[in-house]
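Just so we're on the same page: letters track the sequence lines, and every chain starts at 1. Note that the structure is a prediction, hence the values are computed from the model and not measured.
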Amino acid sequence: MESIKEIEAIIEAVLFTAGDPVPLEKLSDIIGHDKKTTKNIMTDLIFRYKNASRGIMIREINKGYQFCTKPEYNDYIAKLGQVRKKQGLTSAAYEVLAIVAYNQPVTKAYIEKIRGVNSDSALSTLIDRNLIKEAGRDDGPGRPKLYETTEEFLRVFGFASIQDLPVIQLNEIQEVMENMPLD
Amino acid sequence: MESIKEIEAIIEAVLFTAGDPVPLEKLSDIIGHDKKTTKNIMTDLIFRYKNASRGIMIREINKGYQFCTKPEYNDYIAKLGQVRKKQGLTSAAYEVLAIVAYNQPVTKAYIEKIRGVNSDSALSTLIDRNLIKEAGRDDGPGRPKLYETTEEFLRVFGFASIQDLPVIQLNEIQEVMENMPLD
Amino acid sequence: MSSALTNAYTIKLDNFEGPFDLLFYLVEKNKIDIYDIPIAEITDQYMDYLDAMQKLDLEIASEFLVMAATLLHIKSRMLLPAKETTDEEEEIDPREELILRLVEYKKYKDFSEYLKEQEKDWVLVHYKLPEIIPDLVIAEELDVSAEVLRSCYIRVMSQYKGRMNDVSKKMKRILDREKVSLKAKIREILDIVGRGIKICFSKLYNTAYKSRLEVATGFLAVLEVAKLGRARVEQPKAFGEIYITPRKDR
């Protein structure tokens, strides 16, 4: 008969490999002790893993046992993930941002009317980057979502408020237009 | 700064989650110590896991670290009923694997020169089993494909790295082989 | 003959991996020093094996036949008396290349046995599947400026206005084309009178089915055609019907 230390090592090996919860019944079968004894061993083990300076602990789930990491180490574990850098803004995203900034709150339909192209992906990029956000719904037919710029937008561009946006004279738009070939 | 016990708990949590070998570099990044210190911590940990009455141990694979169960608990783990039995390799596949392991990266022509027999099917079995993989192309005429062993090879055969392979004397042979035309 | 066959059957009719595998088996079976192979004996045994295979109708891979030829060649060279050699040219043992290749092969064969042993130990060790770890996304600080935003807005609005303008220009062009042209009306009337048809103005241009502009232009065209002397225009009653008669003499 194995010593208690040996049994605990077996349990560690078994729970480690299983990944999923191992039912009490199965575990007692594997270590060759009755369910009551196994439960006592597990209760003791759960307590000891919890209090020892260990990275993993045992969770009791649905009359089974499973290893999991202790929540306090989540930040370290997160570093295992692939590090992905968010790209800068595409010119499409810049355009949508400019339209939202100067016309907020504004619907997607308005943005697309100005740009003449579908702007879904640019919009979601901007929301993802926390530069614009939803701002309720328009009263018009279909009650479309409205978008406005965020605090992050002000921070990134260095504006104190939306009133800080650089002024655009109507004739500026005209001028550019006159210099543009029309067909 | 974390205590050594705390660091060890972090390492346990990280290695547990990763499943695959965690490169030394990544680990030292996560715990915030230089590579040398991390290596020392790991060497110590490997020793202590091995000698403590624990079900799992740490393996060094390809300059990374990975948890695995201790071999003596195989019978208990088998009772979980989730370990798939892998089909053994043919003698031909073992031979090809031996030749690749010692000469990597290596072409099929070289392997066949040593074995004196076509090795296509053994090669493809080994690739299927993820024990060898393509490793670019040789500069020679026809730019033939090169093969090398994988991390899985190290894992399955218990090597820490390719440098860990037992030394076999090939010097005298090498010369002869080099002077032989590879037709 | 019978001894050859007997010998052949003492060889396990196994699947040898290749000619080296078979040769190697013969060397081991005969407890021969690999560096001093009795080539005649080994060649005979090798041939016996191929013979046995043939009798059993087993397919013999070409590699085995190539090795057979090599062995026979070496055997014949061994039988020849050694040529007189110059001082520089040392006598080369005809077996050398074969032996070295066999030794080389043996080393990998040994290592593959070692791999099998290692595998037996390490198959007892188990791993845990990796957990799914979400990507750590680091947002780069955006390189933006108010000025870029401003010029971007000017550009996108200008393009929009340009597009709108473009649309209204097209509309104008379509309307222009729709406009009733006096020349076209004159041509229309000349065409009718040219065919010598007398016609009432009201049949040609009537506000019931033509626009006012068209009727007015049509009237001007009729006057123009009369001025040209191609038709006579009569209106017997004030506000009455206008008759257009072709003038053939012209």
So, does B:Lys26 use its side chain to make a donor-acceptor pair with the main chain of A:Lys79 at under 3.5 Å?
-> yes

Quick one: list whatever passes side chain to side chain donor-acceptor pair (under 3.5 Å) with A:Asp164, sequence neighbours left out.
-> none

Given the options B:Leu15, B:Val22, B:Leu27, B:Asp20, A:Leu80 meets side chain to side chain contact (heavy atoms under 4.5 Å, CB included) only with B:Val22

Please list, in residue-number order, every residue in residues 99-108 of chain A that has a heavy atom less than 4.5 Å from any heavy atom of chain B; write 'none' if there are none.
-> none

What is the distance from atom CD1 of B:Ile10 to atom OG of A:Ser53, rounded to the nearest 0.5 Å?
-> 10.5 Å

Select all residues of residues 119-157 of chain B having any heavy atom within less than 4.5 Å of some heavy atom of chain A, and report them by number, or 'none'.
-> none

Select, from B:Met57, B:Glu6, B:Arg54, B:Glu8, the one with the greatest count of heavy-atom pairs under 4.5 Å involving chain A.
-> B:Arg54

So, for A:Ala13 and B:Gly55, which heavy atoms are closest and what is the spacing to 0.1 Å?
-> CB-O, 3.6 Å

Is the backbone N or O of B:Ala52 less than 3.5 Å from a side-chain atom of A:Lys5, with the two atoms forming a donor-acceptor pair by type?
-> no

Residue by residue, scan residues 60-73 of chain A and write down, ordered by number, those that have a heavy-atom distance under 4.5 Å to chain B; if none do, write 'none'.
-> A:Phe67, A:Cys68, A:Thr69, A:Tyr73

Top of B:Ile30, B:Ile11, B:Asp29 for chain A proximity - count of heavy-atom pairs under 4.5 angstrom | B:Ile30

